[in-house]
Amino acid sequence: MSAPPKAIVAGATGHVGSGLMEQLAREGVAALGVTRSARPGTANAHVAIDLLDRGAVRAALADALADVTHVFYCARAPFRDGGGEDVAENVAMLRNLVESADDMAPLLSDVHIVEGGKWYDFASGSAATPAREDQPLPAARNFYHAQQEWLQDFQSGKRWRWTASRPSYVCAVRPGHGRNLVSTLGAYAAIRREESTVLDFPGDGAAFHALTEVTERNLLGRSILHLTSGSRARNAAFNVTNGDHFTWAEFWPRLAARFGMTPGEPRARALAPWMTEKAGLWTDIVRKSSLQQLPLDAVAHFPFADFLFGQKHDVASNTDRLHDAGFPDRIDSLAMLEAMLDEYRALRILP
């Protein structure tokens with residue numbers, strides 16, 4: 001990309017924002033990360049701001065916004081897996097940052113917001129798949145819809161453009177961050193191996209055979225920079241996934257083989273309450289395998305797994321619009337998952 005003088009990344013220590021900060025650092029782009037609390041030792045500079053406090057946003061960013069050209073919004077109000085997310089708070093956070101940038105950043109050229117598969121309400125089974133960016137909104141509206149509607153209205157007639165990315169489940173190797181699909185899969189397999197030679201799938205048959213998709217975090221970062229660096233993208237949303245679809249039935253034998261197990265059958269079981277009983281067993285696994293001294297909740301997040309393995313309908317997006325905008329990258333998702341499992345093992349986080 002043609003490097004902007006400065007970018008602001010809201011939600012800079014989250015799963016997506018941290019990857020974007022790393023991508024900007026690799027590109028040599030000066031970036032200021034906005035977080036709820038200060039986080040030392042991360043790529044580029046960070047400042048702690050409560051985005052719900054409009055006055056605090058303007059005061060903290062007054063000097064920084066003078067030469068900002070790009071605002072990347074990856075933040076979310078606090079939430080829990082499977083629960084409702086506050087629409088008003090999420091819109092207010094975005095509004096407070098973007099209005100401040102519009103007022104105080106004379107060089108502003110791009111505002112990009114990261115949305116997600118919840119836009120399509122895949123879980124209800126009512127979404128047409130593979131989902132396209134311009135298909136009718138689902139009956140169940142959420143904060144992504146409200147944020148984009150606000151941004152579209154506010155941007156009308158402005159000097160800058162907006163874009164949005166809609167990744168699926170974002171995959172990355174992030175030691176110490178348990179809300180992570182890959183390390184959660186690995187921890188589940190390792191615990192089951194201690195108890196059995198068979199690796200059952202903890203969801204039902206419909207979830208086992210439904211199509212799903214993922215987004216590799218570095219691919220997402222590259223796509224965002226492409227969309228905001230003078231490409232044909234303007235005032236539009238883009239699905240961003242690895243570009244393929246798979247089923248858990250396809251991946252499960254590969255996961256079992258990685259841990260020397262026999263792949264089992266779909267046996268629906270809520271992991272979150274069950275795995276709370278396995279902390280001691282995990283400690284034994286860490287000791288026997290000489291792993292890093294990380295507690296189970298720093299490696300796996302089982303409420304997230306329960307949500308994921310409870311998806312009984314296809315989760316599939318069409319990425320033609322992204323590729324038509326000139327972004328060429330695609331990734332083999334099954335190979336990516338295996339490679340990330342191997343990286344966690346090389347780091348001595350998984351056995």
Side-chain angles (χ1 to χ4, degrees), residues 10-11 14-16 51 71-99 110-158 160-170 206-207 210-215 220 223-224 227-228 232-243 245 307-308 310-325 327:
H15 201 47
V16 172
L51 291 178
V71 171
F72 299 106
Y73 189 87
C74 314
R76 289 166 82 172
F79 68 99
R80 61 181 178 81
D81 291 300
E85 300 194 51
D86 191 292
V87 173
E89 284 196 352
N90 276 289
V91 172
M93 290 166 62
L94 174 66
R95 183 181 64 242
N96 289 341
L97 179 59
V98 173
E99 286 184 348
D110 287 82
V111 173
H112 182 91
I113 58 173
V114 178
E115 299 169 346
K118 283 186 179 181
W119 180 279
Y120 301 110
D121 190 23
F122 288 122
S124 71
S126 62
T129 54
R132 296 179 181 271
E133 294 88 346
D134 55 359
Q135 68 191 42
L137 292 179
R141 288 172 52 82
N142 60 48
F143 77 94
Y144 287 141
H145 306 139
Q147 283 183 322
Q148 185 175 306
E149 287 169 356
W150 176 83
L151 186 60
Q152 285 178 281
D153 289 344
F154 183 70
Q155 185 275 340
S156 180
K158 304 290 187 182
W160 46 269
R161 63 181 176 172
W162 71 268
T163 49
S165 52
R166 294 178 189 162
S168 188
Y169 311 113
V170 178
L211 288 176
T212 194
E213 61 189 4
V214 293
T215 304
L220 175 59
S223 73
I224 291 172
L227 293 171
T228 58
R232 296 188 295 274
R234 182 178 183 86
N235 302 345
F238 298 81
N239 294 331
V240 181
T241 73
N242 286 356
H245 307 109
F307 168 76
L308 190 67
Q311 298 269 61
K312 302 175 188 294
H313 304 283
D314 289 347
V315 176
S317 303
N318 178 290
T319 55
D320 286 351
R321 179 182 285 184
L322 177 66
H323 300 304
D324 288 346
F327 184 73

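Computed over heavy atoms, backbone and side chain alike; hydrogens, waters and symmetry mates excluded.
For Val114 against Tyr144, the heavy-atom pair with the smallest separation is O-CE2, 3.9 Å. Heavy atoms only, all atoms of each residue included: Arg321 and Ala237 are closest at NH1-O, 2.8 Å. Shortest non-hydrogen contact noted between Leu151 and Trp162 is CD2-CB, 3.7 Å.
When the side chain to side chain donor-acceptor pair (under 3.5 Å) test is applied to Thr163, the partners found at least two apart in sequence or on another chain are His112. The ring pair (Phe, Tyr, Trp, His ring centres under 6.0 Å) search around His15 returns none, not counting sequence neighbours. In terms of the ring pair (Phe, Tyr, Trp, His ring centres under 6.0 Å) criterion, residue partners of Phe327 (sequence neighbours excluded) are, by chain and number, His226. The side chain to side chain donor-acceptor pair (under 3.5 Å) search around Thr319 returns His323, not counting sequence neighbours. Under the salt bridge (Lys or Arg N to Asp or Glu O under 4.0 Å) criterion, Arg161 pairs with Asp110, not counting sequence neighbours. With sequence neighbours excluded, the residues that form a side chain to side chain donor-acceptor pair (under 3.5 Å) with Trp160 are Asp102. Remark: Ala140 pairs with Asp121 by the side chain to side chain contact (heavy atoms under 4.5 Å, CB included) rule, at least two apart or across chains. The ring pair (Phe, Tyr, Trp, His ring centres under 6.0 Å) test applied to Phe122 returns Tyr120, not counting sequence neighbours. Looking at residues two or more places apart in sequence or on another chain, you find no side chain to side chain donor-acceptor pair (under 3.5 Å) involving Asp314. Under the side chain to side chain contact (heavy atoms under 4.5 Å, CB included) criterion, Asp324 pairs with Asp320, not counting sequence neighbours.
Each of Ser168, Ser317, Ser223 was evaluated against Thr215; a single residue qualifies, Ser168, per the side chain to side chain contact (heavy atoms under 4.5 Å, CB included) test.
Checking side-chain atoms of His313 against main-chain N and O of Ala210 turns up no donor-acceptor pair under 3.5 Å. Checked by atom type and distance alone, the side chain of Asn90 never pairs as donor or acceptor with a backbone atom of Glu85 at under 3.5 Å.
Sorted by first and then second residue, the pairs that involve residues 138-150 and meet salt bridge (charged side-chain N to carboxylate O under 4.0 Å, His left out), not counting sequence neighbours, are Arg141-Glu149.
A distance of 10.0 Å separates CZ of Phe154 from CZ of Arg95, quoted to the nearest 0.5 Å.
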Identify every side-chain donor-acceptor pair in residues 126-134 under 3.5 Å, counting partners at least two apart or on other chains, and give the distances.
unit_1: Ser126; atom_1: OG; unit_2: Ser124; atom_2: OG; d: 2.6
unit_1: Glu133; atom_1: OE2; unit_2: Asn239; atom_2: N; d: 2.8

